[in-house]
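Taking it in order: structure first as structure tokens, then the write-up.
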Amino acid sequence: MKDKKFVLPYGDALRDLLNDQGVTKSDLKLILRRRGVFVGNDEKYSYITMLSRTGLMPSELIEIQEKIRVKEENPKFQTQTIKWSGGDKNLLQSVPKAYDINKLISNPFSNYKVLGAPSFKAVDGDKDHVELSFNVERYDYTKSWDKNRSQFSGKVRFKKGVDNIDICINLSHTSPQTKDVANLIAKDIVNTFKNNGLVDNKESIKKIRFNDFTNDSRIQFLKDLSQKQFENELLFKDTKDIGFRPDKSKDLPEDISWMQEKVSNLILQGKNLHSTFFIHNKSYHQYIQMHRVDADYSFDYQDYSGTCRMSFDFPDLIIKENQGAELIIKVVNLRFKSKNVSISTSKLKEMLLTHLEPAKLELFERLSK
């Protein structure tokens, strides 16, 4: 009998692996170019088709799996809000005492489960700020029997505003599965609030979506959110990447008409990108769909200092052509000034992302349609 450790994925299993969101078109193109293979159609599905037919070498499989692992383990933040009708009743009293998350996973063929029986707790003793942390175990059929189970963390927080009017819902995920579970928890708890008269039945969860903005206001939102960080906790240094594309529903001005048929997505990389003519000249803004900004920062938070890069992105716009793509924020390239620190990288990333919440919500309320 063959040792499963040495069986490479093929067929549908390989195609599903290559389709993973953590694997980019550039990753697949690089593998084929190293083989001396060039594909005429520069779309991800073309590279997937080619590699599905030819298969992966063990070293290439390890490379793909490592890219997925690194991208998944980095925490990403989503923010949602809903109006509160429960007055002074605190959130710790309002959430379920015992909570079975696995009942929310309705697909009998799911390749993951939530471990243990996590429950809500107050954050720093604040009964109007509660969180539920959970771990998901995922079974991966593309890996050997001794490495086919992986664990990923997620978290959902509910925080009541000082005026008792709004609830801010913060979701943290590290894999597609924890993202799904976090959204299911948020939806389920809001339904519990509605059933108990704490949220009006007509209210719905408000998310920060790509189509909540005009082309102009979306650029302003991403620009202000990324650049207007001037405190020691997070100090803006430079814009490094900008992702945008022409709005296909509009006829472009003559001086940028070259983008009309030739550009489906454009990534600018470099220095001082916020001063480029695309961004600096506001007359172009109505014709441009900006979907991503990456910026560099220094931070000096409590006892920890260093540098990092933050990515503000509506990823499903490009991946799935979804106009309702939700804003995802993540921290990458985090480096501590001192090598001897007593805090984990993921914990500090969470602290930095939480620091952005007030500005993000204020800008969304001001600039959304």
Side-chain angles (χ1 to χ4, degrees), residues 1-25 27-28 31 44-45 47-49 51-78 99-119 132-156 171-189 191 313 315-316 318-322 325-326 328 330 346:
M1 182 178 177
K2 292 183 178 179
D3 189 339
K4 292 182 180 179
K5 184 182 292 188
F6 303 107
V7 176
L8 295 172
Y10 61 92
D12 290 341
L14 177 56
R15 187 176 294 274
D16 289 344
L17 177 70
L18 299 176
N19 261 311
D20 192 283
Q21 291 185 14
V23 182
T24 66
K25 179 180 70 175
D27 297 331
L28 304 182
I31 290 174
K44 185 177 179 181
Y45 71 84
Y47 298 105
I48 291 173
T49 301
L51 288 169
S52 296
R53 290 173 178 171
T54 59
L56 293 176
M57 294 187 296
S59 60
E60 293 169 343
L61 175 62
I62 292 171
E63 180 182 341
I64 291 291
Q65 290 175 332
E66 182 64 16
K67 289 182 180 296
I68 294 173
R69 184 190 67 78
V70 170
K71 290 175 182 177
E72 285 184 329
E73 289 181 355
N74 194 26
K76 300 101 180 163
F77 265 36
Q78 302 161 259
Y99 195 53
D100 181 9
I101 300 179
N102 279 301
K103 71 179 181 181
L104 304 177
I105 306 172
S106 58
N107 185 353
F109 302 105
S110 295
N111 67 333
Y112 66 92
K113 65 178 180 179
V114 177
L115 299 176
S119 58
L132 186 146
S133 299
F134 61 91
N135 289 295
V136 162
E137 183 175 75
R138 184 182 69 194
Y139 186 87
D140 191 338
Y141 297 97
T142 67
K143 296 183 180 179
S144 60
W145 64 270
D146 59 334
K147 297 180 181 178
N148 57 21
R149 294 184 185 274
S150 304
Q151 292 187 17
F152 301 95
S153 62
K155 184 179 293 185
V156 180
L171 291 75
S172 173
H173 67 272
T174 53
S175 72
Q177 293 74 30
T178 52
K179 180 181 179 181
D180 291 343
V181 171
N183 277 287
L184 287 170
I185 293 170
K187 183 178 179 180
D188 186 60
I189 296 301
N191 285 336
D313 192 9
D316 283 349
I318 301 301
I319 296 171
K320 300 180 180 179
E321 280 294 330
N322 179 10
E326 194 170 350
I328 304 290
K330 62 183 178 182
S346 59

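Just so you know, these numbers use all the heavy atoms, side chains as well, and skip hydrogens, waters and symmetry mates.
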> Looking only at heavy atoms, which two atoms of Pro75 and Ser172 are closest? And how far apart?
Replying inline: CB-OG, 4.0 Å
> Atom CG of Leu14 and atom CG of Asn19: how far apart are they, to the nearest 0.5 Å?
Replying inline: 10.0 Å
> Where do Leu8 and Leu56 land on the side-chain contact (heavy atoms from CB on, under 4.5 Å) test, with the steps shown first?
Replying inline: CA-CA 7 Å; Leu8 295 172; Leu56 293 176; 5.7 Å; no
>> Ignoring hydrogens and geometry beyond distance, is a side-chain donor-acceptor pair present between Tyr112 and Asp180 at under 3.5 Å?
In response: no
> Checking side-chain contact (heavy atoms from CB on, under 4.5 Å) for the pair Thr49/Arg15: CA distance, chi angles, key distance, verdict?
Replying inline: CA-CA 8 Å; Thr49 301; Arg15 187 176 294 274; 4.2 Å; yes
>> Quick check on Lys25: does its NZ atom have over 12 non-hydrogen neighbours (other residues, nucleotides or ligands) under 6.0 Å away?
In response: yes
> Lys76 versus Lys179: any side-chain heavy-atom pair under 4.5 Å?
Replying inline: no
> Where do Ile105 and Ser110 come nearest, in terms of heavy atoms and distance?
Replying inline: CG2-OG, 3.4 Å
>> Could you go through Tyr99 and Ile189, starting from their C-alpha distance and side-chain angles, then the distance that decides it, and tell me whether this counts as side-chain contact (heavy atoms from CB on, under 4.5 Å)?
In response: CA-CA 10 Å; Tyr99 195 53; Ile189 296 301; 3.9 Å; yes
>> If you compare all heavy atoms of Glu326 against all heavy atoms of Pro315, which two are closest, and at what distance to 0.1 Å?
In response: O-CD, 3.8 Å
>> Rounded at 0.5 Å granularity, tell me how far CZ in Phe134 sits from CG in Leu115.
In response: 11.0 Å
> Hey, what do you get for CD1 (Ile64) to CD1 (Ile31), rounding to the nearest 0.5 Å?
Replying inline: 4.0 Å
>> Whether the side chain of Asn111 engages the backbone of Arg138 through a donor-acceptor N/O pair (distance < 3.5 Å, no angle test) should be reported.
In response: no
>> Looking at every non-hydrogen atom in both residues, tell me the closest pair between Asp188 and Lys103 and how far apart they are.
In response: OD2-CE, 4.4 Å
>> Contact between His173 and Ile328 at the side-chain level, heavy atoms closer than 4.5 Å - yes or no?
In response: yes
>> Using the side-chain contact (heavy atoms from CB on, under 4.5 Å) definition, which of the options Val23, Ile48, Leu51, Leu61 pairs with Leu17?
In response: Leu61
> Just how far is it from atom CD of Glu60 to atom CG of Asp27, taken to the nearest 0.5 Å?
Replying inline: 12.0 Å
>> Please give me the minimum heavy-atom distance between Pro118 and Ile101, naming the atom from each residue.
In response: CG-CD1, 3.5 Å
> Can you name the closest pair of heavy atoms from Ser153 and Thr178 and give their distance?
Replying inline: O-CG2, 3.5 Å
> Between Lys330 and Asp313, is there a donor-acceptor pair closer than 3.5 Å when you use the side chain of the first and the backbone of the second?
Replying inline: no
